[in-house]
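Notes follow the structure.
All values below come from the heavy atoms of this structure, side chains included, with hydrogens, waters and symmetry mates left out. Both counts, for ligands and for their atoms, begin at 1 and track the order of listing.
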Amino acid sequence: MGTLMLTHINLGAKARHKPKGQPVGEERPWNTRQQDNHRWNNRDLSECRLQPICPIEGRLGGARSQAEFPLRALQFKRGLLHEFRKGNASKEQVRLHDLVQQLPKAIIIGVRKGGTRALLEMLNLHPAVVKASQEIHFFDNDENYGKGIEWYRKKMPFSYPQQITIEKSPAYFITEEVPERIYKMNSSIKLLIIVREPTTRAISDYTQVLEGKERKNKTYYKFEKLAIDPNTCEVNTKYKAVRTSIYTKHLERWLKYFPIEQFHVVDGDRLITEPLPELQLVEKFLNLPPRISQYNLYFNATRGFYCLRFNIIFNKCLAGSKGRIHPEVDPSVITKLRKFFHPFNQKFYQITGRTLNWP
Ligand code: A3P
């Protein structure tokens, strides 16, 4: 039996990601575009109080290009949606504003701990996107799936018909039945997969489970003991956190139903350090006009992550459960895992056409 002697490396640098191309700090100096945004947002805020009838067209008069107009209108309408979410709307108002609960046009199918929440929240900055806040677990949970598609639709947030709804449930990526079930709902749906370097993702996965066990005062094993089979000293492929990181194996199941063009791979490591270019690629994939800007994302040095700025008043960072400090892991185990994942990663790059420079 192999004994794991541990010399530790520190992977716990979560809160110290260095942002690229932007000064560190809570706020950045404003440029002209931001001042424009500021003016626009100030104007929006006063207009966004709930009205019995939405006077959008009249209020947004003035010279605007055709392409721009609907999005501006949606930006305005988002304020109304916010009111509705707070429960400030009657059925009559929902009807008057043409609000609907739409099935998603795109789903973030995984990967767990890849940055799925950050991606969803950041896409929700786009005026044409409305997120389903909760993980719905419709396609991976037999009981929920048995409740039927109308149940699923009713779980969706209210939106305007021109907007698209996006949901995320990371368990979809690894659950056997899901691709076929999603295909039956919409065979042309767009599928987003956010991935991180597989070993880091596995450690992040372990860290989440560990935190739950510690909270319940349960005993737990070290990561090294779970990830390496003590009998063979090889990587333990029965360990779920390892299996989930073999991205190509899961993707191959999906490809039996959907062509590769319907998937977009988001680099979760880059979303942490440099989110805007990743989001711009997603906007393109979803055929959305580019509306998320650097104004919407600011690096919060205390959190060590980018946070979201919707307007001059409303900012938010992700919850503290996102960006945990990882435990230290034996470097020889890390090396072994990276070697193990390497051929699967090569295949993943080849299938998806996206090369991520993982070690
Ligand atoms: P760690 O906790 O390992 O750092 P998911 O939402 O799929 O569970 O992914 C969680 C991961 O999202 C976190 O993993 C964190 O690194 C990453 N992440 C990416 N962008 C983030 C952001 N802006 N704020 C917080 N966490 C972010």
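- Here's the thing with Lys168: none of its N/O atoms is less than 3.5 angstrom from an N/O atom of ligand 1.
- Residue Arg270 does not touch ligand 1, judged by heavy-atom distances below 4.0 Å.
- Checked against ring pair (Phe, Tyr, Trp, His ring centres under 6.0 Å), Tyr206 has the following partners two or more places apart in sequence or in another chain: Phe223.
- Between Arg112 and ligand 1, no N or O atom pair is found at a separation short of 3.5 Å.
- When each atom of ligand 1 is checked for a heavy atom of Ala118 under 4.0 Å away, the hits are 19 (C), 20 (N), 21 (C).
- Interface atoms of ligand 1 facing Ile272, defined by a heavy-atom separation under 4.0 Å, are 16 (O), 18 (N), 19 (C), 20 (N).
- Where the criterion is an N or O separation shorter than 3.5 Å, residue side chain and backbone included, Arg117 meets it with respect to ligand 1.
- Considering backbone and side-chain atoms together, Lys322 places an N or O closer than 3.5 Å to an N or O of ligand 1.
- Using a distance-only test at 3.5 Å, with no hydrogens or angles considered, a donor-acceptor pair links the side chain of Lys336 to the main chain of Cys233.
- Note on ligand 1: Glu121 sits outside its first shell, no heavy atom being nearer than 4.0 Å.
- Contacts between Met122 and ligand 1 below 4.0 angstrom, taking non-hydrogen atoms only, involve the side chain exclusively.
- A cation-pi geometry, defined here as NZ or CZ lying under 6.0 Å from the six-membered ring centre and within 45° of its normal, holds between Lys190 and Phe285.
- Between Gln208 and ligand 1, no N or O atom pair is found at a separation short of 3.5 Å.
- Polar contact with ligand 1: present for Gly323 (N/O pair, distance under 3.5 Å).
- Contact atoms of ligand 1 toward Gly114: 7 (O), 9 (O) (distance under 4.0 Å to a heavy atom of the residue).
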Taking only distance into account, with no hydrogens and no angle test, what donor-acceptor pairs under 3.5 Å do side-chain atoms of residues 254-265 form with protein atoms, sequence neighbours excluded?
{"unit_1": "Trp254", "atom_1": "NE1", "unit_2": "Phe173", "atom_2": "O", "d": "3.1"}
{"unit_1": "Gln262", "atom_1": "NE2", "unit_2": "Ser187", "atom_2": "O", "d": "2.8"}
{"unit_1": "Gln262", "atom_1": "NE2", "unit_2": "Ile189", "atom_2": "O", "d": "2.9"}

